[in-house]
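What follows is a single structure, written as structure tokens, with notes after it.
In what follows, every chain begins at residue 1, and chains take the letters A, B, ... in the order their sequences are listed.
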Protein chains: 2
Amino acid sequence: MAKTRRYTQRKRAADREETRLRIVEATMALHEEVGPSATTISAIAQRAGVQRLTVYRHFPDETAVFEACTRHWLELNPPPDPAAWASHEAGQSQARAALLAFYRYYRETQRMWRAAVRDEPKVPALQEPMKSFRSQLNALGETIGKGFGGAEDSLPTTTLRHALAFTTWASLEAQGLDDEAMADLVMAWLQGVRN
Amino acid sequence: MAKTRRYTQRKRAADREETRLRIVEATMALHEEVGPSATTISAIAQRAGVQRLTVYRHFPDETAVFEACTRHWLELNPPPDPAAWASHEAGQSQARAALLAFYRYYRETQRMWRAAVRDEPKVPALQEPMKSFRSQLNALGETIGKGFGGAEDSLPTTTLRHALAFTTWASLEAQGLDDEAMADLVMAWLQGVRN
DNA sequence: AGTTAAGTGAACATGTATGTTCACTGAATG
DNA sequence: CATTCAGTGAACATACATGTTCACTTAACT
């Protein structure tokens, strides 16, 4: 048994990390362009300028690449932080600020969101993060809804939960509304459910 | 050149028609269960109790089967007819009746709708009918919106168009609302945009 | 200078789908 | 009874994806 050689990697580890990053970023790009469900390992390798085998060296299977991709994408594109409106006093302006923040976020990141929402049922690696994002949204909807005097399942809370969903943004965007107009529209809805 | 024999098919034509129908219905079932994009000709054949070649005898390719499937499904599941509310006088009850009719329709046919909406981007054969359905919905939204004193892009019209979309029904359904509750909620929204 | 290991390029086995061809069966039809 | 043809069952070529193996190059490291 030979004496173990101390082998502290520096540049090699960095190179490896860089290759890994190229793979993850190629995956992100493909997820946006063709969607996760149509993103093959072959295509990832080609896009990253790497052999297919190299991808397998870094990730055991497609699911592992996808998970790394999701993590990395969320670091680059952090969603608005609900805590930011804990400071606002409850009510109109809090609600509008939250809606606007999410609508702007959805607009910036819409390509990935469309792909993710569309392929979620088919791509197990997407389901967990999407579910957790949705439950955060629902909690936020309830928090803000309380400012409108509603309980858990009150009309304001239901309206806010619906309004905060990406699919709602997409539906209103398809009608040509900009983010401000969407927020104003939802504020008007809240006006209606209040009475 | 032999004299052409008159050969008027009767039972054979009927049998052939029945086989075709079995294929179309197998396709419908698979579209609901796994979605159009995952529905293969092999699976259709198996489900219809028919050889794969037989499917090709009836339809040149997958697109042709899908088109026949869509047509047939729409005959079996006709969407609410907008003309039905032309008789109603414009206003609250007209709007609520229309919303409720679509929500009930969506609930009955939700499996197919979810599959269709999800796979639309990937399945060209779906795009044309979906587009045409949406434009009918938009027209209806505008018609009803006028009863609320709104022009083409008024808040009531925008709200109604959004409310009539399947994705909106799905979003509210996910919150546990029944169809009546949804219709009531949207009516409250309209109350808000009116002011 | 010798060792380590990331990445290469090619091959292989496997699976699944497409679309096409062919000889055959058997019931409807004239 | 002879003909027609929808459907059968099997084969074939093609394409593309997965996951694995192998010998090789080359640069980083001690």
Quiz item: In whole angstrom, what separates A/K11's NZ from D/dT30's C1'?
Solution: 17 Å
Quiz prompt | Under-4.0 Å salt bridge between A/E18 and A/K11 | solution = no
Quiz prompt | Nearest-neighbour nucleotide for the A/S42 side chain, D/dC29, D/dT18, C/dT18 considered | solution = D/dT18
Quiz item: Taking CZ from A/F59 and P from C/dG7, how many angstroms apart are they, rounded to a whole number?
Solution: 11 Å
Got a list of protein N/O to nucleotides 7-9 of chain D N/O distances below 3.5 Å?
{"from": "D/dG7", "atom 1": "OP1", "to": "B/T19", "atom 2": "OG1", "distance (Å)": "2.2"}
{"from": "D/dG7", "atom 1": "OP2", "to": "B/H58", "atom 2": "NE2", "distance (Å)": "2.6"}
{"from": "D/dG7", "atom 1": "N7", "to": "B/R57", "atom 2": "NH1", "distance (Å)": "2.5"}
{"from": "D/dT8", "atom 1": "OP2", "to": "B/Q51", "atom 2": "N", "distance (Å)": "2.9"}
{"from": "D/dT8", "atom 1": "OP2", "to": "B/T54", "atom 2": "OG1", "distance (Å)": "2.5"}
{"from": "D/dG9", "atom 1": "N7", "to": "B/Q51", "atom 2": "NE2", "distance (Å)": "3.3"}

Practice problem: Can you sort out the partners of B/E128 under side-chain hydrogen bond (donor to acceptor under 3.5 Å, both in side chains), two or more places apart, ordered by chain and number? | Solution: none
Practice problem: Write down the distance between OH (A/Y56) and C1' (C/dA5), rounded to a whole number of angstrom. | Solution: 21 Å
Quiz item: How about A/E33: does its CD atom have over 12 heavy atoms from other parts shown lying under 6.0 Å from it?
Solution: yes
Quiz item: If you count the non-hydrogen atoms of other residues, nucleotides and ligands that lie under 6.0 Å from CD in B/Q127, is the total more than 12?
Solution: yes
Quiz item: Looking at A/E120 and A/R134, does any basic side-chain N land under 4.0 Å from a carboxylate oxygen?
Solution: yes
Quiz prompt | base_contact_polar (C/dA6 base, A/R12 side chain, donor-acceptor, <3.5 Å) | solution = no
Practice problem: Go through C/dA5, D/dG19, D/dC5 for me and flag the one nearest to the A/I41 side chain. | Solution: D/dG19
Quiz item: Salt-bridged, B/E180 to B/R104, with N to O below 4.0 Å?
Solution: yes
